[in-house]
Amino acid sequence: MSDKLTEIMAWKRHEIAALVRPVAESELAAASAARPAPPSFRAALRPADGQLAVIAEIKRRSPSAGPIATAVSAPDQAQRYRAAGASALSVLTDEKYFGGSLADLTAVTALFHRDPPAVPCLRKDFMVHPIQVLQARQAGASAILIIVRALTDDEIKSLHTAAIAAGLDALFEIHHEAELDRAVAHGAKIIGVNNRDLARFTTDLALSERLIPLFPREVIAVSESGIFTAVDGARARAAGAHAVLVGEALMKAPDPAALMAAFRAP
Ligand SMILES: O=P(O)(O)OC[C@@H](O)[C@@H](O)c1c[nH]c2ccccc12
C-alpha cells in the first residue's frame, strides 16, 4: 500500500476512534427507514441514453494537487454540477487531507431535498468502520467508497454488509488486477479504477485501459482521476467505462457543462 494511503488510513482510524462502537444491521436499516430514500447511485451510472455518466467531485484540495478551489461552497458547487448535467456527485468528507466535511455532504443533500431533483451523492472518504456508513446514510448519501487495497477482507465484508443494510451502493476502488479479483469476490456491483498512484502521485489512464476490459460484464465500470480532456473521456469510454469520476478538472472548469459534454462527445 502506498505510503500516503497508509498515512491517511492510519489518521482516519485515529480520527474516528472515539466514535467506534458496534453498529447492528438493524440500526443501519432503521436509520435508512427513518429518512427519505436517496436517489440511486447505481442507476445514475447507467443512464438510459447510454451516454458516459459523469460523477462530478467536490474537492477543495488534495495531497497530490494541493489547493484546488479552497473557498468553494459545497451546495453552490453541487448546484453548478447539477445544472451542468452531472449524473452523480462525489463529495469529499475528509477534512485533514481534502478540505471536506460531513457537513458539506449534509448541506448538499439537504439542498437537493429542498430543491429537487436530487442527484445521488457518493460519500468520498476513507472508510474503515460501519459507523462511517451510518454517518453517510444519516447525511443523505447514496453510496460509500471501499478502497480495496487499504482494507482487509474482513473490513471490506463489514463495510459492504453495512452499506447494503443501510440501502447504500458501494463503489469498490482498485488500482491493481489482484484487487479486481478481491472486489469481484466480495460481490462488487460498481468498481472504479483509480488512475492515480498515491505512492508517486502519478496518473495514467492506461491503468483503466488495462483493467476495465477484465471486469465481469455485469459490473458497472468507473474510471477515476486524471481525467481532464475530451481525449481522456474518449479513452475511458473506449476502455469500457460506464462512468468517469472527475474532480480537479471540473472544480477548475469555467464551464463545467462544456467539459462534461466534451467527456461524452462521440
Ligand atoms: O481530481 P481528479 O484527478 O479528477 O481525481 C478525482 C478522484 O478520482 C480522486 O479525488 C480520488 C479517487 N479516489 C479517491 C479516494 C479518496 C480521495 C480522493 C480520491
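Every number for a ligand or one of its atoms is a count from 1 in the order of the listing.
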Subject >> Qualifying residues under salt bridge (Lys or Arg N to Asp or Glu O under 4.0 Å), relative to Glu155, sequence neighbours excluded >> reply: Arg13
Original post:
Listed by chain and number, what are the side-chain contact (heavy atoms from CB on, under 4.5 Å) partners of Arg237, not counting sequence neighbours?
Top reply: Leu52, Ala234
Original post:
Partners of Phe98 by ring-ring contact (aromatic ring centres under 6.0 Å, His included), sequence neighbours excluded?
Top reply: Phe126
Closer than 4.0 angstrom, basic N to acidic O: yes or no for [X] and [Y]?
{"X": "Lys124", "Y": "Asp94", "answer": "no"}
{"X": "Glu224", "Y": "Arg196", "answer": "no"}
{"X": "Arg61", "Y": "Glu95", "answer": "no"}

At less than 3.5 Å, what protein N or O atoms come close to the N or O atoms of ligand 1? Include the distances to 0.1 Å.
{"residue": "ligand 1", "atom": "1 (O)", "partner": "Lys59", "partner atom": "NZ", "Å": "2.7"}
{"residue": "ligand 1", "atom": "1 (O)", "partner": "Glu248", "partner atom": "N", "Å": "2.8"}
{"residue": "ligand 1", "atom": "3 (O)", "partner": "Arg196", "partner atom": "NH1", "Å": "3.3"}
{"residue": "ligand 1", "atom": "3 (O)", "partner": "Arg196", "partner atom": "NH2", "Å": "2.7"}
{"residue": "ligand 1", "atom": "3 (O)", "partner": "Gly226", "partner atom": "N", "Å": "2.9"}
{"residue": "ligand 1", "atom": "4 (O)", "partner": "Gly247", "partner atom": "N", "Å": "2.7"}
{"residue": "ligand 1", "atom": "5 (O)", "partner": "Ser225", "partner atom": "OG", "Å": "3.4"}
{"residue": "ligand 1", "atom": "8 (O)", "partner": "Ser225", "partner atom": "N", "Å": "3.2"}
{"residue": "ligand 1", "atom": "8 (O)", "partner": "Ser225", "partner atom": "OG", "Å": "2.7"}
{"residue": "ligand 1", "atom": "10 (O)", "partner": "Glu57", "partner atom": "OE1", "Å": "2.5"}
{"residue": "ligand 1", "atom": "10 (O)", "partner": "Lys59", "partner atom": "NZ", "Å": "2.8"}
{"residue": "ligand 1", "atom": "13 (N)", "partner": "Glu173", "partner atom": "OE1", "Å": "2.7"}
{"residue": "ligand 1", "atom": "13 (N)", "partner": "Asn194", "partner atom": "ND2", "Å": "3.3"}
{"residue": "ligand 1", "atom": "13 (N)", "partner": "Glu224", "partner atom": "OE1", "Å": "3.4"}

